[in-house]
Amino acid sequence: MAKPYNFKTIETKWQRIWEERDAFRVTEDPGQPKYYCLEMYPYPSGKIHMGHLRNYSIGDVVARYFRMRGYNVLHPMGWDSFGLPAENAAIEHGLHPATWTYDNIAYMREQLKRMGFSYDWGREITCSEPDYYRWNQWLFLKMYEKGLAYKKPAFVNWCEECQTVLANEQVEGGRCWRDESEVIQKELEQWFFKITAYTEELLEGVDQLPGWPDRVKTMQRNWIGKSVGAEVNFPLVNGESPITIFTTRQDTLFGATFMVLAPEHPLALQLGEGKADVQAFIKRMRAEDRVVRTAADTEKEGVFTGAYAINPLTEEKIPIWVANFVLLEYGTGAIMAVPAHDQRDFEFAKKYHLPLRVVIQPEEEGLAAEALAKAYEDEGVMVNSGPFNSLPSPEGREAVVRFLEERGIGKGAVNYRLRDWGISRQRYWGTPIPIIYCDQCGTVPVPYDDLPVLLPKDVEISMKGGSPLAKVESFVNVWCPTCRGPARRETDTMDTFVDSSWYFLRFCNPHARDRAVDEPKVAYWMPVDQYIGGIEHAVLHLLYARFFTKVVRDLGLVPHSEPFVNLLTQGMVCKETYRCPTHGLRFPQEIDPQGRCTECAHPVEIGRTEKMSKSRKNVVDPDDLLKRYGADTARLFSLFAAPPEKDLEWSDKGVEGAFRFLNRVYRLVDSWADELSRPAAPISFNDLTVGRAVHQKAHLTIKKVTEDLDRDFHFNTAIAALMELVNVLGQFELRGDPAEEAERRYVARFAVETLLVLLAPFAPHVAEELWERLGHGSSIFEESWPVYDATVIEREEILVVVQVDGKLRSRIFLPAHAGEDELRTAALEDSRVQTWLQDKQVKRVVVVPKKLVNIVTARL
RNA sequence: GCCGGGGUGGCGGAAUGGGCAGACGCAAGGGACUUAAAAUCCCUCGGGCCGCAAGCCUGUGCGGGUUCGAGUCCCGCCCUCGGCACCA
């Protein structure tokens with residue numbers, strides 16, 4: 001008797017079996033090709049959300065697919081468990097960050113298990129555990145030794161909301177990446193990682209990543225921001241040391257009619273000495289919020305210092321200004337202003353009536369300084385430029401560099417936007433920075449033998465008054481490792497992006513007690529063959545991880561330079577929003593089945609489709625999905641609804657469609673299982689009659705699904721192919737003429753087994769269950785991925801499309817081996833084609849073998 | 001402003017190296033089964049014309065072009081999403 005598809009029983013059963021068999025544990029095996037499949041590990045914020053579900057469903061298909069293809073697959077999972085939300089929760093709910101974090105981990109681990117993901121849980125890592133973060137400290141000390149970790153006072157991004165510093169990468173449009181509150185600038189003494197030591201390698205490496213999406217590569221290139229130009233020294237009129245400027249347009253040097261310094265530039269105060277307006281301006285600018293000051297639409301503002309420099313090429317005396325639009329951090333903090341050829345300089349010159357000189361002429365028209373409405377920034381021919389006149393600007397740039405270098409007044413130079421990575425955080429729930437300050441010995445690194453510097457448990461957490469660790473005397477007070485005198489510990493903790501910068505290495509040897517990375521194991525597993533995660537880390541995490549990989553390579557710990565061979569950035573999970581005119585945004589459960597607000601019964605408006613988030617109240621809880629439809633449906637829908645790299649629009653109806661499909665599969669196999677478990681002798685394809693088409697379809701499906709997975713993981717079309725196969729099987733009669741019975745059984749069994757094996761990576765539980773139902777004693781995941789038979793797919797008849805003058809006029813069936821001449825003849829003889837050829841003369845016949853004939857005509 | 005992605009039925013999306021546009025799913029309509037409903041199964045489903053049907057015209061953001069043939073290639077626009085942005 002047919003049983004209904006009871007996903008709950010099936011899924012619990014197989015999850016238990018997998019766990020009992022430790023089915024996904026892996027160890028290094030040099031005899032097998034390895035495959036490292038990694039999804040970005042989650043921050044344990046409480047519950048798994050739809051983005052995780054999608055991310056991990058994608059990863060699980062990849063992992064299970066490669067396992068079936070015979071690879072030794074490393075597929076680990078862990079927790080990015082240090083971070084600010086734990087502290088916020090501690091303040092709000094009075095829970096210790098550790099309690100909150102570990103409760104969340106326990107819950108989320110169960111959720112992941114209920115999704116049936118094939119992780120090697122024996123490799124689980126938790127960043128907030130001393131056995132993980134001690135290696136953050138170890139790596140920090142190694143970097144400190146090499147000068148790659150250093151402390152300096154700097155203007156840093158301060159988030160008032162988080163009460164801590166943020167790295168440049170963590171500020172998005174002047175706002176905190178986490179809570180979107182405004183970021184201000186503060187001058188603080190901070191620890192930095194010298195990512196700029198690897199700038200050029202990080203940039204060039206981007207070109208060696210064919211498996212990364214262009215988008216991400218572009219974003220990394222933009223972030224690194226390489227500019228090629230020149231540094232030029234402008235002597236001061238009163239003879240003091242010259243001002244060095246950076247420019248990418250040294251071909252416009254003859255047009256430099258004034259100079260501008262950043263307000264923070266040391267010379268600015270000096271040159272403006274005794275001039276009250278200058279001092280006041282500088283003071284005002286330094287106090288002003290830097291995000292506002294450096295915004296593109298802020299009005300340009302400046303003041304003349306009273307001092308002059310000499311343009312080294314024209315030898316003219318030019319005034320030196322201080323202005324808000326010049327930044328100390330970029331280049332040398334000083335610029336030459338060429339108002340005719342730089343829009344910013346142009347606007348500034350117009351405002352303060354400074355002179356313009358045209359030194360680049362476009363090919364066609366002639367520019368006149370007085371008539372310019374805006375700066376001419378394009379290429380052209382150099383004019384008013386002494387010996388360089390009539391040189392095209394690109395060559396001009398090279399010629400000017402040579403000229404500067406010959407005379408020792410400048411040189412070719414490269415500038416980058418990338419800054420060093422500020423890692424100090426004035427928060428509790430992070431890795432303590434292993435540094436001790438001693439009055440006698442200065443800054444002393446904690447000896448390696450004293451690691452880990454444990455994060456104390458008893459801490460009062462508040463968002464006010466600086467780092468919580470500073471108030472823990474037992475932590476702060478320490479004996480200096482060098483002189484044994486009293487000393488103080490560093491109380492800042494590390495940016496939690498440090499943890500994720502190398503966790504992929506730790507997964508290779510999660511239990512190594514005496515080292516961060518076990519070199520032979522890492523050498524076996526690394527690099528990550530497929531990395532999967534959200535686009536939001538295109539710069540942040542992915543840049544830091546690349547940097548760390550190069551650092552550990554130079555420490556001799558790993559042989560490779562790039563951590564992730566292939567990167568898949570999955571799209572966001574989106575859903576429409578609902579708004580009630582009186583009660584604002586509504587959660588889906590706050591709307592009745594008639595589409596009305598549960599508060600006031602007013603119909604809700606359907607708003608635009610946006611990324612799922614609590615603030616937009618358009619979230620769907622994976623727990624509900626799991627309860628109603630099960631893990632296989634949840635997985636299948638998230639993979640079917642859109643290609644992985646595109647945004648996925650949530651659809652309750654679509655989920656039901658996925659559920660219906662699995663039900664159909666279940667019913668189909670279940671209803672045939674008894675008969676199919678009786679043996680059926682294989683039949684040669686040539687002898688197949690009633691089952692021929694079904695058998696071909698099974699082979700075609702193998703081909704299609706395999707190719708779709710191999711070609712950028714097109715899960716949606718692979719699943720569509722499985723649906724087609726099920727549709728075909730749904731039409732197939734297992735019982736018929738007794739003479740055909742053996743063939744029908746053979747063909748059906750082959751097709752059903754093929755279907756289940758191909759479906760297994762997507763919907764593993766139901767595939768296992770039905771596989772067992774067919775009488776198999778072992779797991780379906782012990783099957784190897786099927787291979788299609790090309791001779792079966794090879795059709796004996798093919799459909800040839802016939803066009804007349806490019807328009808489809810007829811379709812004809814021809815033997816597959818038909819040659820060009822046969823195609824042409826058959827097409828011309830076709831009766832439908834004939835009617836279209838009346839009154840026309842055949843001018844030309846284009847024949848595409850096995851596909852198409854196009855008859856080109858001329859009117860008679 | 002610069003850089004990158006995208007624009008295909010009512011909707012999500014297919015079309016892999018220029019060769020049948022709309023696979024698969026959802027929604028919708030009709031039918032079967034049922035006392036009824038759900039579930040399931042079958043049929044229709046870009047637009048238009050004619051219609052019993054066969055068929056014809058048209059259609060992939062817009063305008064040009066290349067080609068026997070363009071959703072796909074080229075040129076010029078429009079719209080949209082994302083990144084960067086006073087970066088010298």
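All figures in this text were calculated on a predicted structure; none of them were measured in a lab.
Centroid-to-centroid, the aromatic rings of A/F348 and A/F325 come within less than 6.0 Å. Taking the six-membered ring for Trp, A/F637 and A/W650 have ring centres closer than 6.0 Å.
Base pairing annotation: B/G82 forms a Watson-Crick or G-U wobble pair with B/C3, both donor-acceptor distances under 3.5 Å. The nucleotide B/U66 finds no pairing partner, because no Watson-Crick or G-U wobble arrangement with both distances shorter than 3.5 Å includes it. With a cut-off of 3.5 Å on both Watson-Crick or G-U wobble distances, the partner of B/U34 is given as none. In this structure, B/A27 makes no Watson-Crick or G-U wobble pair, since no nucleotide meets both defining distances under 3.5 angstrom. In this entry B/G51 has no Watson-Crick or G-U wobble partner, no candidate having both defining distances under 3.5 Å. When both pairing distances are held under 3.5 Å, B/G22 makes no Watson-Crick or G-U pair with any nucleotide shown. Partner assigned to B/G59 is none, using Watson-Crick or G-U wobble distances below 3.5 angstrom.
Nearest approach of A/L648 to A/A641, heavy atoms of both residues: CG-CB, 4.0 Å.
Among the protein residues, A/E231 comes within range of no part of the nucleic acid, since none of its heavy atoms lies under 4.0 Å from any strand.
Rounded to whole Å, the separation between the P atoms of B/G10 and B/G5 comes to 28 Å.
Close approach of RNA chain B to chain A, defined as any atom under 4.0 Å from a non-hydrogen atom of the protein, starts and stops at B/C3 to B/A88.
Not counting sequence neighbours, A/T825 has no partner by the side chain to side chain donor-acceptor pair (under 3.5 Å) test.
A donor and an acceptor atom, one from each side chain of A/S227 and A/Y330, are located under 3.5 Å apart.
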